[in-house]
> 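I'd like to ask some things about the structure below.
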Amino acid sequence: MSNDDRIAKWRARREAERAAKATHGDLPTELALVAATAEPLVSGGDLESDTVLTFALDSLRRLPHETVGDRRQIYDAIARGIERGIEQIDPHPDYAELRRRQLRTIIRLLEADTRSGIDIYVAGFRPTGFTEGVTPLLTGYQRRKVRSDAEKISRARREALLADEAYTIAIPEDEEGDLMHLRDLMVRIDAARAPRSSHPMHMKMRAWIAVLRYQFALLRAESRLAIVWTMVGPAVLMGLISAGYFLSGISSVLNMDVATFAMTGATTWIMFRTVIFRSSMSFHAHRALLNIHPITPSMIGLMQGLVQMLAYAGAFVVLIGVGYLAGLFSLPHKPLAVAFWIVCMGIAAEAIGIIFGALAVVWHYFPRFAPAIERCMQIFSSVILVSEQLPDSYRPIALGSPLAHAMQLMRQAYFENYTSDDASPVYFFTGLAITILIAFMSQWIVRSRVVPA
Amino acid sequence: MDRAFAGSPGLIMIDLLSLSDDVTVHGRSIHLFDNLDFHLEPGRYALLSTTPELRRSVLDVLAGLRPPRRGHVRCTGSVSWPIGRNGIASGKATGQDAIELISAIHGLEYPRACELVSLLVPRPDYLDEPFNTWPQYVKQEFNFALGLLPQFDLYVIDGAIPFEESRFTRMWQSLFEDRLVGKSLILSTPRQKQMLDYCTKALIYDGMDFTVDDDLESCIERYPAHSVREEMGTSASAGSSDDAEFFF
């Protein structure tokens, strides 16, 4: 070390002593220096107890420490420096308290070891039970800090809430870009929305179409076997009906060829029963959708029925087309009239489905009887035979169901050489209107009992 | 429910007129309201009750999802569905189907709505899968993400707002804060802290009647946020046990 260095060091020491005396003038110079150098212990946010321990041991080593009184003066000077640092820097009260407690614990441990005759001045000394003594202090501080931070956030949130302002959630830097993009997307979604798109009437109209598309998506999600069954179901019933006629040696029923006769009855009826069952089931089972306003149970039921009707419209086209090419079926004489009567029966099925669905809401066991009711309806709906085949005395029984009239009118439109003398459009439409009225009333009565799932 | 379209966002109020209603909860018929007339001003309310298991049924009526037996619920402005319910995220439908449904009903652009949800949720790979294959937490996050798509005048939340430390929670809360400015809220949550974070008043359902209390903190202490009965099932789940009977 050169002479200049020595002089510089001496000057620095003189400056430090002068500054220490200026702050801690009532203390001897050495103790004032300890107090002054203890001030930065609370400045850096350092949580380690080792920093305080090292500082305390260094101070003890430099100054006379033989008696308890000597050591007490040094400890007091450190505590005074820490308090002065707290006054100057104004750290968080919890952090200030942590430093105070760390110092008190270290003093207690050092004094206990000194009285036990342990040499605490050796290099790298750590008091007995040091870790056990200081760890709870740090844990407690961290716990208090978490709570304090949470309270601070809660206060800030509360202030933003009362001022009706958006509270800024702390976001890591790498997520800020994502958030900006999402905000931008949200703004663009709002901007693209039609001004009166939340009008109840507009929403209701869109909801009908939305539910229909949703139901189509569900149909698409069904197994391939279920979709194939829309063809197989009518084919099986058609086979059963045809078999009866063929086994009796009959190939034509009132100028209608048996295969086509059976196909029209079977496919229409399978559509009819599927629409009933699916719409009544959805009325109750798809209640999860009721969480979305303005969807209603009847909307779900009707749209489910419509999906089935459209699926069976496809089944009709495929069956007639393939059957005609195979030489099994004849083509419809009046296709539009045939479609009209099939749609009319579909509407009747929708109404019956809603009635069944409403009944199931009141009496959950009712759907068990639905297949039996459907079979009875099938017998009296001209599926297997038309009323003109029956003796006059039995005809009123067969024609009791309005569906029998629609079925015979549909066949009249399909076959050029068949005219139904018994079927009455007025009877059918009267029955249909009554069924729709009952469906409307029943869904209205049970609506408040259908709870969103 | 009658919905008068106000046209100006932010103006929302619910009028309950001569409201009488009962609901079946856990197989028992319970009177919810008896000739109740009540007017709810715009604001942010925490729904509290001495019978927390009935809060879901009460929300159904307030949000217009289920009409009461008698009387009217008149609401001015647009009301959200109860965000947080698993409802729509169930069955064979996919996440894309649900987004399409919401977009179609509320007149939103489907591609952008889809982009928002897929960027927000942590598992966008599930969006093409049927809901019945989704883990519960993915469904829950998806439900909350859906709730951000349309802008409403009144937000109804039924369930705990996302709170676990995650990217989704931070993003959702930030976007929901933006959505909530100038809007109203009815929050039914088991987490008391969320009530304090999002609400200024308590909407108390007690004795078939509603009251509004400005001292939210004391109300939170008085009324339980959660009950053992609620954990055992809800009014809806009590009714849905009969779905199995719909096999023909």
Side-chain angles (χ1 to χ4, degrees), chain A residues 154 157-158 161-162 164-171 175 178-179 181-183 185-186 188-190 192-194 196-200 202-203 206-207 209-211 213-214 217-218 221-222 277 281 284-285 287-294 360 364-365 367-368 370-371 447-448 450-453, chain B residues 3 5 21 23 44 57 60 63-69 78-79 81-82 85 87-88 90-93 97 100-102 104-109 112-113 115-116 119-120 130 148-149 151 167 170-171 173-175 177-178 180-182 193 196-198 200 235-236 239-240 242-243 245-246 248:
Chain A
S154 289
R157 284 194 87 125
R158 196 93 194 130
L161 172 67
L162 293 171
D164 198 15
E165 292 169 352
Y167 171 72
T168 308
I169 308 285
I171 298 278
E175 291 176 4
D178 289 354
L179 182 60
H181 182 57
L182 286 169
R183 277 196 169 121
L185 261 177
M186 215 159 74
R188 280 191 282 163
I189 287 170
D190 292 345
R193 204 175 169 193
R196 291 178 70 81
S197 59
S198 59
H199 190 285
H202 295 185
M203 275 182 70
R206 284 196 306 268
I209 299 163
V211 171
R213 290 171 67 176
Y214 187 79
L218 290 183
E222 282 192 14
F277 293 159
M281 183 183 72
H284 189 264
R287 288 175 300 128
L289 288 178
L290 299 182
N291 284 301
I292 310 295
H293 189 83
H364 293 160
Y365 202 72
R368 301 240 182 231
R447 177 64 188 93
S448 66
V450 187
V451 181
Chain B
R3 278 167 192 256
F5 181 67
D21 193 29
V23 69
R44 298 196 192 170
S57 306
D60 285 345
L65 302 180
R66 188 176 65 80
R69 294 285 168 94
S78 56
V79 184
W81 64 87
R85 282 191 190 171
I88 191 171
S90 59
K92 290 178 184 170
D97 296 334
E100 196 176 350
L101 179 75
I102 296 295
I105 291 175
H106 291 276
L108 310 176
E109 284 188 342
R112 281 187 182 149
E115 188 185 352
L116 181 80
L119 287 174
L120 186 57
L148 289 175
L149 290 178
Q151 197 173 30
R167 176 188 174 276
R170 289 188 291 272
M171 296 283 161
Q173 287 191 353
S174 298
L175 296 173
E177 285 289 337
D178 295 347
L180 262 187
V181 174
K193 186 178 175 303
L196 291 169
D197 284 348
Y198 287 94
T200 54
S235 55
S240 66
D242 296 310
D243 286 356
E245 291 182 8
F246 278 83
F248 295 104

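Everything numeric here is computed off the predicted structure, so don't read it as measured data. Labels below follow one simple rule: chain letters A, B, ... track the order of the sequence lines, proteins then strands, and each chain is numbered from 1.
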> In Å, rounded to the nearest 0.5 Å, how long is the span from OG of A:S154 to NZ of B:K193?
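Interatomic distance, A:S154 OG to B:K193 NZ, rounded to 0.5 Å: 4.0 Å.
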
> So which residue, A:L289, A:L218, A:D190, A:I209, ends up with the most heavy-atom pairs under 4.5 Å with chain B?
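So the answer, after comparing A:L289, A:L218, A:D190, A:I209, is A:D190.
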
> Pick whichever of B:D197, B:L108, B:D97, B:I88 has the most heavy-atom pairs under 4.5 Å with chain A.
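Result: the option with the highest number of such pairs is B:D197.
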
> Taking the side chain as every heavy atom from C-beta outward, state whether B:L175 and A:R183 have any atom pair closer than 4.5 Å.
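A side-chain contact exists here, since the closest heavy-atom pair is under 4.5 Å.
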
> Rounded to the nearest 0.5 Å, what separation is found between the CD1 atom of A:I189 and the CZ atom of B:R112?
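One finds 8.0 Å between CD1 of A:I189 and CZ of B:R112.
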
> Does any part of the side chain of A:R157, heavy atoms only, come nearer than 4.5 Å to the side chain of B:Q173, both counted from C-beta?
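They are in side-chain contact.
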
> Under 4.5 Å between any side-chain heavy atoms of B:R167 and A:D178, yes or no?
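Yes, close enough: below the 4.5 Å cut-off.
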
> What I'd like to find out is whether the side chain of A:H293 reaches to under 4.5 Å of the side chain of B:L65, using heavy atoms alone.
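In contact.
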
> Determine whether A:M203 and B:S78 make a side-chain contact, defined as any pair of heavy atoms from C-beta on separated by less than 4.5 Å.
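With C-beta onward as the side chain, the pair stays apart.
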
> Would a 4.5 Å heavy-atom cut-off, applied to side chains only, mark A:L182 and B:S174 as touching?
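SC-SC contact between A:L182 and B:S174 ruled out.
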
> Taking atom CG of A:L179 and atom CZ of B:R170, what is their separation to the nearest 0.5 Å?
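That separation rounds to 10.5 Å.
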
> Taking all atoms of both residues into account, what is the closest heavy-atom pair of B:D60 and A:P452, and its distance?
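Reported closest heavy-atom pair: OD2-CD, 3.5 Å.
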
> Going by heavy atoms in the side chains, are B:E115 and A:H181 under 4.5 Å from each other?
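They are in contact (side-chain heavy atoms under 4.5 Å apart), so the answer is yes.
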
> Would you mind reporting whether B:L149 and A:M186 have side-chain heavy atoms less than 4.5 Å apart?
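Answer no - side chains too far apart.
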
